[in-house]
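In what follows, a single structure is set out as structure tokens and then discussed.
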Amino acid sequence: MINLKIDPEFQSQIPPLTDDEFKQLEENILKEGKLLSPLIVWNNTLVDGHNRYEIVQEHPEISFSTIPLPFESREEVLAWICKNQLGRRNLTPEQKKFLMGKQYSSEKRTEAFRGNQHTAKKSGSVQSEHNQKPMKTCERIAQENHSSASSVRRAEYYAHGVDVADELSPGFRDRFFREELHIPDYLLENLGKAKPEEQAEIFKEIKNYVPKPKKVKPNKVTVKQAEKVASNTIDENYDVPQKFLELYYRLHNAESLMRKSWEVTFDLNPKLLTHPEQVKVLRFALKPHLEFLKTLDEVLAESSGESSKTA
């Protein structure tokens with residue numbers, strides 16, 4: 001068994017797999033009995049294949065090989081990891097922005113270490129007038145990812161903001177990329193730009209951020225419109241009297257708005273029905289609402305019973 005070093009910074013650049021994705025990867029590896037693709041290493045440190053390496057550690061019978069790449073510095077490794085991930089995985093917008101920002105930051109530091117590699121050395125020969133001006137790093141990364149140079153520059157602040165948030169609250173990065181947290185870009189960019197003494201205050205705003213539900217405009221329904229849709233929405237066993245049609249549709253609209261509000265909440269929190277802790281929050285939030293509906297139903301049943309007795 002080859003023992004490879006794990007660099008936490010290298011590993012943190014790689015978007016985490018979901019539990020289902022990791023389980024599927026493990027099943028595929030066990031079925032094949034070996035790793036089909038070699039692990040990429042640098043000075044015996046793992047660069048690419050962290051999930052696969054974790055699996056073979058649990059299953060030493062699985063054989064694998066490695067390929068060393070001749071990187072010159074850590075920054076070059078980090079830039080390669082980001083570019084590699086951007087090119088081969090289905091990424092969320094948050095993950096893509098993070099990786100673009102990290103790649104840009106790493107490549108800038110690499111260039112600073114080497115000196116400006118895009119500037120031609122002066123010699124006795126005269127350069128051609130048709131030589132094009134070298135493309136800036138942010139422009140090249142933007143072109144590779146169908147984005148803009150300004151977006152890449154903002155992504156650098158964004159990525160740094162995610163890292164700072166993870167330092168202030170360990171585990172933030174993984175929770176954020178697993179879509180358990182929904183934080184707007186501008187807050188993370190602000191955190192990435194902030195001075196060290198300002199970071200705690202901005203992060204407090206991030207922790208307390210609550211996504212605003214999308215506004216749902218109520219439908220303005222006239223009596224004639226209510227009559228038109230009544231046949232599709234009213235119980236066939238009950239005919240709403242003409243004079244109560246508008247009242248009925250107002251009640252129907254109130255129920256519809258409530259349902260749409262919940263749908264927006266579920267859209268903003270995709271794991272609300274599956275994540276154990278989020279399910280607890282949902283049940284707690286629903287409790288008074290369900291009790292209200294139960295009480296309302298009992299009152300209506302009692303009222304209906306009284307009406308039948310007095311009829």
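The figures here come from the full heavy-atom set of this structure, side chains too, leaving out hydrogens, waters and symmetry mates.
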Audit row: His289, Met258, side-chain contact (heavy atoms from CB on, under 4.5 Å) steps and yes/no = CA-CA 11 Å; His289 180 68; Met258 180 199 69; 3.4 Å; yes

Interatomic distance, [X] atom [atom1] to [Y] atom [atom2] [nearest 0.5 angstrom]:
{"X": "Phe172", "Y": "Arg175", "atom1": "CZ", "atom2": "CZ", "result": "8.0 Å"}
{"X": "Asp163", "Y": "Arg173", "atom1": "CG", "atom2": "CZ", "result": "4.5 Å"}
{"X": "Glu139", "Y": "Ser150", "atom1": "CD", "atom2": "OG", "result": "10.5 Å"}
{"X": "Ser148", "Y": "Ile141", "atom1": "OG", "atom2": "CD1", "result": "12.5 Å"}
{"X": "Lys193", "Y": "Tyr186", "atom1": "NZ", "atom2": "OH", "result": "12.5 Å"}
{"X": "Asp297", "Y": "Leu300", "atom1": "CG", "atom2": "CG", "result": "6.5 Å"}

Please lay out, stage by stage, how Thr137 and Arg140 fare under the test side-chain hydrogen bond (donor to acceptor under 3.5 Å, both in side chains).
-> CA-CA 5 Å; Thr137 302; Arg140 176 176 50 77; 4.5 Å; no

Should [X] and [Y] count as side-chain neighbours, where that means a heavy-atom distance under 4.5 Å?
{"X": "His59", "Y": "Glu26", "result": "yes"}
{"X": "Phe10", "Y": "Leu46", "result": "no"}
{"X": "Pro16", "Y": "Phe177", "result": "yes"}
{"X": "Leu30", "Y": "Glu61", "result": "yes"}
{"X": "Val162", "Y": "Glu94", "result": "no"}
{"X": "Gln13", "Y": "Glu9", "result": "yes"}
{"X": "His182", "Y": "Tyr209", "result": "no"}
{"X": "Asp48", "Y": "Gln85", "result": "yes"}

Going by atom types only, do Thr92 and Glu179 share a side-chain donor-acceptor pair under 3.5 Å?
->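 No, Glu179 and Thr92 have no side-chain donor paired with an acceptor closer than 3.5 Å.
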
Six-ring centre of Phe203, Lys207 cation under 6.0 angstrom, axis tolerance 45° =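 So Lys207 doesn't make the cation-pi contact.
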
Which heavy atom of [X] sits nearest to which heavy atom of [Y], and what is that distance?
{"X": "Leu91", "Y": "Pro15", "answer": "CD2-CG, 3.9 Å"}
{"X": "Ala79", "Y": "Ser106", "answer": "N-CB, 3.8 Å"}
{"X": "Met100", "Y": "Ser147", "answer": "CE-OG, 4.1 Å"}
{"X": "Thr110", "Y": "Ser73", "answer": "OG1-OG, 4.4 Å"}
{"X": "Leu187", "Y": "Ile202", "answer": "O-CG2, 4.0 Å"}
{"X": "Ala142", "Y": "Ala149", "answer": "CB-N, 3.6 Å"}

Applying the 4.5 Å side-chain criterion to the ILVMFWY set and letting contacts propagate, would [X] and [Y] be lumped into a single cluster?
{"X": "Ile62", "Y": "Ile6", "result": "yes"}
{"X": "Leu293", "Y": "Leu282", "result": "no"}
{"X": "Trp262", "Y": "Val281", "result": "no"}
{"X": "Leu273", "Y": "Leu290", "result": "yes"}

Please determine which of Asn190, Leu168, Leu188 meets the side-chain contact (heavy atoms from CB on, under 4.5 Å) test together with Ile206.
->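 When Asn190, Leu168, Leu188 are each tested with Ile206, the side-chain contact (heavy atoms from CB on, under 4.5 Å) holds only for Leu188.
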
Quick test of your reading of the model: are [X] and [Y] salt-bridged, counting only N-O distances below 4.0 Å?
{"X": "Lys280", "Y": "Glu277", "answer": "yes"}
{"X": "Arg154", "Y": "Asp185", "answer": "no"}
{"X": "Glu107", "Y": "Lys83", "answer": "no"}

Could you check whether atom [atom1] of [X] has more than 12 heavy atoms from other residues, nucleotides or ligands sitting under 6.0 Å from it?
{"X": "Glu291", "atom1": "CD", "value": "yes"}
{"X": "Glu27", "atom1": "CD", "value": "yes"}
{"X": "Glu197", "atom1": "CD", "value": "yes"}
{"X": "Tyr157", "atom1": "OH", "value": "no"}

Test Ser105 against every option in Arg109, Gln103, Lys102 by the side chain to side chain donor-acceptor pair (under 3.5 Å) rule and name the one that passes.
->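 Running side chain to side chain donor-acceptor pair (under 3.5 Å) over Arg109, Gln103, Lys102 with Ser105 returns exactly one hit, Arg109.
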
Do side-chain atoms of [X] reach the backbone of [Y] as a donor and acceptor pair under 3.5 angstrom?
{"X": "Asp166", "Y": "Gly171", "value": "yes"}
{"X": "Asn44", "Y": "Asn3", "value": "yes"}
{"X": "Asn43", "Y": "Thr45", "value": "no"}
{"X": "Arg52", "Y": "Ser37", "value": "yes"}

Can you list the steps and then say if Leu35 with Ile29 is a side-chain contact (heavy atoms from CB on, under 4.5 Å)?
-> CA-CA 6 Å; Leu35 294 190; Ile29 290 174; 3.5 Å; yes

Kindly say whether the aromatic ring centers of Phe98 and Phe176 come within a distance under 6.0 Å.
->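 No, ring centres 6.0 Å or more apart.
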
Between Leu4 and Leu39, does a side-chain contact (heavy atoms from CB on, under 4.5 Å) hold up when you go through it step by step?
-> CA-CA 10 Å; Leu4 301 176; Leu39 302 177; 4.0 Å; yes

Hey, mind stepping through Lys97 and Glu189 against salt bridge (Lys or Arg N to Asp or Glu O under 4.0 Å) and telling me if it holds?
-> CA-CA 11 Å; Lys97 188 167 185 176; Glu189 288 173 20; 2.7 Å; yes

Would Gln24 and Asn28 satisfy side-chain hydrogen bond (donor to acceptor under 3.5 Å, both in side chains), going step by step from the backbone distance to the final call?
-> CA-CA 6 Å; Gln24 185 62 57; Asn28 293 343; 3.0 Å; yes

Verdict with supporting geometry, Gln57 and Tyr53, side-chain hydrogen bond (donor to acceptor under 3.5 Å, both in side chains) = CA-CA 6 Å; Gln57 293 296 294; Tyr53 185 65; 3.2 Å; yes

Does Gln278 have any side-chain contact (heavy atoms from CB on, under 4.5 Å) partners at least two apart in sequence or in another chain, and if so, which?
->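 Applying side-chain contact (heavy atoms from CB on, under 4.5 Å) to Gln278 gives Glu180, Asn269, Lys271, Leu272, His275.
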
Chi angles and distances behind the side-chain contact (heavy atoms from CB on, under 4.5 Å) call for Glu76, Trp42 = CA-CA 11 Å; Glu76 198 173 316; Trp42 175 62; over 6 Å; no

